[in-house]
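Structure first, commentary second.
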Number of protein chains: 2
Amino acid sequence: MSDPSFAPRPTLEAVAARAGVSRATASRVVNGSEGVRAPLAERVRRAVDELGYVPNQAARALVTRRNDAIAVVVAEPETRFFSDPFFAQQVRGISKELTAHDNQLVLLLTEGADDYARVGRYLGGGHVDGALIFSLHDDDTLPTMARRAGVPTVIGGRPDWSDSDTLYVDCDNRGGARDAVRHLLDLGCRRIGHIAGPLDQTSSVDRLDGFRDALPGIDPRLIAEGDFTPDGGSRAMARLLADFPDLDGVFAASDVMASGALRLLRTRGRRVPEDVAVVGFDDIVSVAEWTDPPLTTIRQDIEEMGRMMARLLLRRIEAGGAEADRPALSSIVTRTQLVVRASA
Amino acid sequence: MSDPSFAPRPTLEAVAARAGVSRATASRVVNGSEGVRAPLAERVRRAVDELGYVPNQAARALVTRRNDAIAVVVAEPETRFFSDPFFAQQVRGISKELTAHDNQLVLLLTEGADDYARVGRYLGGGHVDGALIFSLHDDDTLPTMARRAGVPTVIGGRPDWSDSDTLYVDCDNRGGARDAVRHLLDLGCRRIGHIAGPLDQTSSVDRLDGFRDALPGIDPRLIAEGDFTPDGGSRAMARLLADFPDLDGVFAASDVMASGALRLLRTRGRRVPEDVAVVGFDDIVSVAEWTDPPLTTIRQDIEEMGRMMARLLLRRIEAGGAEADRPALSSIVTRTQLVVRASA
DNA sequence: CTGAAAGCGCTAACAT
DNA sequence: ATGTTAGCGCTTTCAG
């Protein structure tokens with residue numbers, strides 16, 4: 001017990017004593033409240049320095065009911081979170097925004113459905129002031145858990161229900177998909193296939209809808225469902241090629257899947273874009289610029305969307321539960337943009 | 001104020017009242033202490049369920065001085081964290097282990113040196129019971145900050161100083177590197193180059209040392225420093241090829257760099273492994289199995305190392321500051337293994 | 001085995 | 001402007 005790490009951290013009380021003021025005044029100085037005369041404040045600050053005082057967060061949280069921490073929950077049973085750069089970028093945006101507002105990011109990974117209970121407990125435990133939830137699949141119970149736990153939430157990607165006080169941030173998946181297909185059409189493609197994402201996610205469905213918008217009444221076999229992995233993209237591509245040897249254009253619902261498709265096309269000896277033009281979605285630079293040929297794609301500003309999620313959540317927390325403020329906050333749908341590289 | 005989210009969460013007090021017991025007894029049941037008679041315990045449990053009681057963490061932390069939360073600090077100014085699968089795997093391992101012990105993972109990202117102060121404040125704030133620090137570069141102040149904050153720490157990768165109570169987990173970088181080069185030698189390579197990682201990190205230095213062990217007195221121009229990115233690998237490869245057109249073997253200090261090297265080799269028309277044999281390091285499956293040709297590499301069990309870090313830290317926390325337990329805990333160096341695929 | 005009571009360190013009314 | 005005081009919700013001796 002002689003270990004130095006056992007030296008009790010100084011308390012506000014100690015600081016106050018050393019500065020010769022009351023705990024309240026010390027607290028005021030530490031928290032930057034107005035109305036403390038300069039000399040006193042100075043003394044307190046000195047005491048803080050000398051003692052190396054750091055506020056005890058637990059005590060503070062207990063009374064303020066604020067943790068300055070936000071949970072990021074990834075509803076991805078597969079461990080796509082770590083292999084797909086999409087998440088990385090989004091988390092980066094979130095992290096930046098949170099940091100700028102002195103909030104901590106608490107990452108909650110769910111490896112499987114078993115983990116949901118744990119996450120629920122955590123959210124309910126009052127550890128965090130809010131939650132950012134990603135990558136929802138059909139019937140995901142996470143948002144419900146968060147709501148029951150009374151934790152303000154913002155969702156990444158349009159949820160599959162609509163409800164005025166569910167806030168989300170998404171890009172215009174459908175519009176972007178339309179643009180992708182139109183580009184293919186403009187290039188003169190006659191037989192265009194679609195590699196869709198998992199259709200239990202709205203982003204996939206919306207992109208598929210956009211595809212159909214541009215190609216009404218298309219043969220459903222021209223649509224192959226992937227899983228947002230390179231492998232899945234490859235497989236879907238293979239299927240499409242098998243069914244339609246005359247395929248001359250492909251719109252993949254993600255760059256990652258497009259990269260898989262490109263690979264397969266190469267092994268099959270199809271030239272891109274001469275034989276088959278390919279358009280992706282996301283514009284994940286580390287993927288799109290590195291494929292061979294570089295990928296034409298639909299850009300969404302993923303990092304910025306992350307920031308927006310964080311900002312929206314912080315505002316919602318700020319507003320508290322006060323209903324009056326509710327209408328002022330609304331979900332955000334960002335615009336997409338066609339980025340032409342070499343693949344189409 | 002009629003917002004349902006304002007409904008005060010039930011307290012232990014409420015549970016106790018409903019179960020007709022004292023707060024103390026309720027607490028015992030909730031925390032699974034022995035010595036509460038079954039019928040009473042049952043009543044408490046029912047009350048918990050009915051009320052949907054969840055302990056307030058702040059209150060608990062205030063008294064127990066435990067947060068059941070561990071910080072993962074990534075000392076990577078560049079945002080390699082998110083682009084390099086290495087980190088992803090390690091974090092996955094950590095996450096699993098932490099979860100298994102009901103600890104939360106708090107991710108602290110540092111985008112630049114400015115963030116260090118914030119991290120220091122956070123660690124000092126008593127938010128977490130311990131810290132896992134990654135990817136240290138020379139003279140990194142993070143470990144010092146953690147120590148000053150009195151936060152038990154385990155480091156990922158051998159630090160550049162040694163000190164009996166600094167705990168770390170690393171693989172046998174030097175031995176692995178030796179194995180890589182020997183494999184190349186066994187294959188008959190006569191002119192072997194090395195693509196090193198940034199030499200301000202011990203893992204890079206250790207691998208370089210291993211390279212030199214197997215090839216004593218080698219021309220220093222056969223060593224090109226990369227930066228653990230594919231691009232860096234490409235550039236280093238180009239340099240090596242320029243200086244040594246007769247190069248017939250390359251050991252890259254990471255799979256990611258090796259993938260860049262492979263790409264460059266292809267654009268230069270060198271066949272792998274016929275003209276130039278390539279060995280990587282890490283065995284990151286998503287990289288090594290997907291390169292063309294698939295990469296021969298040195299495997300380290302990254303996820304397992306993550307688990308080990310977490311386990312070690314948890315034990316250290318468990319032991320408290322008690323010096324008696326110190327000697328029992330020591331750093332871990334894991335073995336590596338050559339995995340032969342097609343590139344060498 | 002169970003309950004009463006004393007804080008953990010801090011903030012926020014409320015006094016002064 | 002500063003100090004006094006009352007808790008925040010929980011765990012944990014200490015009595016009974």
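Order of the sequence lines sets the chain letters (A, B, ...), proteins ahead of strands, with each chain counted from 1.
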Distance-only donor-acceptor check, side chains A:D102 and B:Y122, under 3.5 Å: no
Starting from P on D:dT4, measure out to CG on A:L12 and report it in whole angstrom. 15 Å
Please determine whether a side-chain nitrogen of the Lys or Arg among B:E34 and B:R28 lies less than 4.0 Å from a carboxylate oxygen of the Asp or Glu. no
If I take atom CG in residue B:L62 and atom P in nucleotide D:dC8, what distance separates them, rounded to the nearest angstrom? 13 Å
Looking only at side-chain N and O atoms, does A:T25 come under 4.0 Å of OP1 or OP2 in D:dT2? no
Does A:R28 reach a base, just sugar-phosphate, or nothing at all? Heavy atoms under 4.0 Å. base
Atom pair CG/OG1 of B:L167 and B:T153 - distance to nearest 0.5 Å: 9.5 Å
Check whether the side chains of A:E304 and A:T334 place a donor and an acceptor atom closer than 3.5 Å, and report yes or no. no
Just checking B:R23: base, sugar-phosphate only, or nothing, at a heavy-atom cut-off of under 4.0 Å? base
Figure out the CG/C1' separation between B:N67 and D:dC10, and round it to whole Å. 14 Å
Hey, mind stepping through A:D165 and A:R316 against side-chain contact (heavy atoms from CB on, under 4.5 Å) and telling me if it holds? CA-CA 10 Å; A:D165 65 31; A:R316 169 161 230 169; 3.6 Å; yes
Where does the chain B footprint on DNA chain C start and end, counting 5' to 3' with a 4.0 Å heavy-atom cut-off? C:dC1 to C:dG9
So, B:R66 and B:D129, do they make that salt bridge, N to O below 4.0 Å? yes
Quick check: are there more than 12 heavy atoms from other residues, nucleotides or ligands sitting under 6.0 Å from CZ of B:R148? no
Base of D:dG9 paired with side chain of B:R9 (donor-acceptor, under 3.5 Å): no
Assign each of A:G35 and A:A24 to its nearest nucleotide of DNA chain D by heavy atoms, then name whichever residue's nucleotide is nearer the 5' end. A:G35
Most 5' of B:R65 and B:G20 on DNA chain C, judged by nearest nucleotide: B:G20
At what angle, to 10 degrees, do the two end axes of the helix from C:dC1-D:dG16 to C:dT16-D:dA1 meet, given five pairs define each axis? 40°
Taking OP1 and OP2 of D:dC8, is either one under 4.0 Å from a side-chain nitrogen or oxygen of A:R60? no
Are B:R45 and B:E42 within salt-bridge range, i.e. N to O under 4.0 Å? yes
Reference residue B:I70; test side-chain contact (heavy atoms from CB on, under 4.5 Å); the match among B:L313, B:V151, B:I94, B:V154: B:L313
Taking CG from B:N31 and P from D:dT11, how many angstroms apart are they, rounded to a whole number? 4 Å
Tell me: CD of A:E13 to C1' of D:dT4, nearest whole Å? 12 Å
DNA chain D: A:V63 or A:R37, which has the more 5' nearest nucleotide? A:R37
